[in-house]
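Structure below; questions to follow.
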Amino acid sequence: FRGNGLSGIDDVAAALATNPQLERLLIRDNQLNDRDADLIAQALKQNTNLQVLFLRGNNITSAGFENIGTAIYDPSSLNTLESCNHTCYIDCVEQNEHGITPRQRRNRKLYKLLSTRHMNGSNA
């Protein structure tokens, strides 16, 4: 879907949420916006097969990418962290590493959460 002028990806996000066997999705250089980012974030909470998602070159603001980032890393509690998507690498999202296994990605997120809590004295 790269460079096709896509905007409003309701159907694509709905398809992603059904957890298809799709491993890579490139929807770079289109007209996606923060509403589309919200749809993608919701879909990623259900999808455990997608391994790579490229979104660079769209009209998604930092707020939209932050919402997507929360789908893959939500440090508000151990339960929310565990329920995050650990399989997908997304370009343009901080704290997201490419080339590691989902288990490694999950373990790094857990380590970061616990070490941050320890440093803040809030690791109860």
Side-chain angles (χ1 to χ4, degrees):
F1 295 117
R2 181 178 181 188
N4 287 310
L6 285 177
S7 62
I9 60 162
D10 299 57
D11 293 337
V12 174
L16 275 178
T18 66
N19 206 22
Q21 294 302 309
L22 182 68
E23 292 182 1
R24 296 174 63 88
L25 180 59
L26 283 69
I27 44 180
R28 296 176 52 172
D29 306 317
N30 284 289
Q31 303 298 316
L32 304 183
N33 58 32
D34 286 349
R35 181 185 172 281
D36 298 315
D38 291 342
L39 294 171
I40 291 168
Q42 291 303 313
L44 287 174
K45 291 178 181 178
Q46 306 299 317
N47 189 300
T48 58
N49 289 319
L50 190 65
Q51 296 175 15
V52 179
L53 175 61
F54 289 106
L55 295 170
R56 192 173 311 279
N58 284 290
N59 296 327
I60 300 172
T61 67
S62 59
F65 282 117
E66 185 176 317
N67 193 13
I68 292 172
T70 301
I72 61 172
Y73 180 68
D74 182 353
S76 59
S77 74
L78 287 171
N79 287 334
T80 58
L81 178 68
E82 184 58 33
S83 67
C84 288
N85 181 313
H86 303 294
T87 58
C88 191
Y89 164 78
I90 305 165
D91 70 338
C92 301
V93 174
E94 294 182 25
Q95 311 293 332
N96 194 14
E97 298 179 54
H98 189 55
I100 62 175
T101 68
R103 184 179 185 100
Q104 289 170 319
R105 191 172 284 121
R106 178 191 164 276
N107 289 345
R108 288 182 184 191
K109 292 173 189 178
L110 185 58
Y111 176 80
K112 179 182 176 188
L113 173 65
L114 293 176
S115 62
T116 301
R117 285 184 174 185
H118 177 74
M119 289 175 57
N120 294 338
S122 62
N123 201 15

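Numbers for residues simply follow the sequence, beginning at 1. Computed from a prediction, not measured in an experiment: that's the story for all the values here.
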Measuring from Phe65:CZ to Arg56:CZ, what's the distance to the nearest 0.5 Å?
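Atom-to-atom, Phe65:CZ and Arg56:CZ are 8.0 Å apart.
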Holding to salt bridge (Lys or Arg N to Asp or Glu O under 4.0 Å), I want the full list of residues that pass it with Arg24, two or more places apart in sequence or in another chain.
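Arg24 satisfies salt bridge (Lys or Arg N to Asp or Glu O under 4.0 Å) with no other residue.
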What are the two closest heavy atoms between Leu113 and Tyr73, and how far apart are they?
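Taking every non-hydrogen atom into account, N-OH, 3.8 Å.
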Just by modelled atom types, is the Ser76 backbone N or O under 3.5 Å from a matching donor or acceptor in the Asp74 side chain?
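Confirmed, Asp74 side chain pairs with Ser76 backbone.
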Contacts of Asn59 that satisfy side-chain contact (heavy atoms from CB on, under 4.5 Å) - sequence neighbours left out:
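Counting only residues at least two positions away or on another chain, Asn59 forms a side-chain contact (heavy atoms from CB on, under 4.5 Å) with Gln31.
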Tell me, please, which residues at least two apart from Arg35 pass side chain to side chain donor-acceptor pair (under 3.5 Å).
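For Arg35, the residues satisfying side chain to side chain donor-acceptor pair (under 3.5 Å) (neighbours in sequence not counted) are Asp10.
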Check whether any side-chain heavy atom of Asn67 sits under 4.5 Å from a side-chain heavy atom of Asp34, and report yes or no.
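Result no, sub-4.5 Å side-chain heavy-atom pair not found.
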So how far is it from Leu44 CG to Thr70 OG1, rounded to the nearest 0.5 Å?
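Interatomic distance, Leu44 CG to Thr70 OG1, rounded to 0.5 Å: 11.5 Å.
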Go through the structure and list residues passing side chain to side chain donor-acceptor pair (under 3.5 Å) with Glu23, not counting sequence neighbours.
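By the side chain to side chain donor-acceptor pair (under 3.5 Å) rule, Glu23 matches no residue at all.
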Give a yes or no on whether the backbone of Asn58 and the side-chain of Asn30 come within a donor-acceptor separation of less than 3.5 Å.
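Not confirmed, Asn30 side chain does not pair with Asn58 backbone.
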Quick check on the hydrophobic clustering: are Ile72 and Leu22 connected, directly or via other members, by side-chain heavy-atom contacts under 4.5 Å?
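Hydrophobic grouping puts Ile72 with Leu22.
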Transitively linked via ILVMFWY side-chain contacts under 4.5 Å: Leu50 with Ile27?
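Yes: a chain of side-chain contacts under 4.5 Å links Leu50 to Ile27.
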Are Val52 and Leu26 close enough, and set up right, to give a side-chain contact (heavy atoms from CB on, under 4.5 Å), and what steps lead you there?
CA-CA 8 Å; Val52 179; Leu26 283 69; 5.6 Å; no
Specify the closest pair of heavy atoms between Ala43 and Ala17, including all atoms of both residues, with the distance to one decimal.
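Looking at all heavy atoms of both residues, the closest pair is CB-N, 3.8 Å.
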Please list, chain by chain and in numerical order, all residues satisfying side chain to side chain donor-acceptor pair (under 3.5 Å) with Asn85, sequence neighbours excluded.
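By the side chain to side chain donor-acceptor pair (under 3.5 Å) rule, Asn85 matches Thr87.
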Can you tell me which residue among Arg105, Arg108, Lys109 is in a side chain to side chain donor-acceptor pair (under 3.5 Å) with His86?
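When Arg105, Arg108, Lys109 are each tested with His86, the side chain to side chain donor-acceptor pair (under 3.5 Å) holds only for Lys109.
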Minimum-distance pair of heavy atoms, taken over all atoms of Ala15 and Pro20
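Minimum heavy-atom contact is O-CD, 3.2 Å.
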Pairs in or reaching into residues 75-87: which pass salt bridge (Lys or Arg N to Asp or Glu O under 4.0 Å), with residues at least two apart or in two chains?
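Sorted pair list: Glu82-Arg106.
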Do Asn79 and Ser77 have side-chain atoms, one donor and one acceptor, less than 3.5 Å apart?
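On atom types as modelled, these side chains do not qualify, holding no pair under 3.5 Å.
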With the 4.5 Å side-chain cut-off for hydrophobic clustering, are Leu25 and Leu39 part of the same group?
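Leu25 does not cluster with Leu39.
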With Asn47 as reference, evaluate Leu53, Leu16, Ile40 under the side chain to side chain contact (heavy atoms under 4.5 Å, CB included) test and give the passing residue.
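Result: among Leu53, Leu16, Ile40, Leu16 is the only option passing the side chain to side chain contact (heavy atoms under 4.5 Å, CB included) with Asn47.
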Side chain Lys112, main chain Pro75, donor-acceptor under 3.5 Å
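Looks like no, no N/O pair under 3.5 Å.
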Using every non-hydrogen atom in the two residues, find where Ala37 and Ile68 come nearest and quote the distance to one decimal.
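It is O-CG1, 3.5 Å.
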Do Asp36 and Ile60 have side chains that approach each other closer than 4.5 Å (heavy atoms only, starting at C-beta)?
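Result no, sub-4.5 Å side-chain heavy-atom pair not found.
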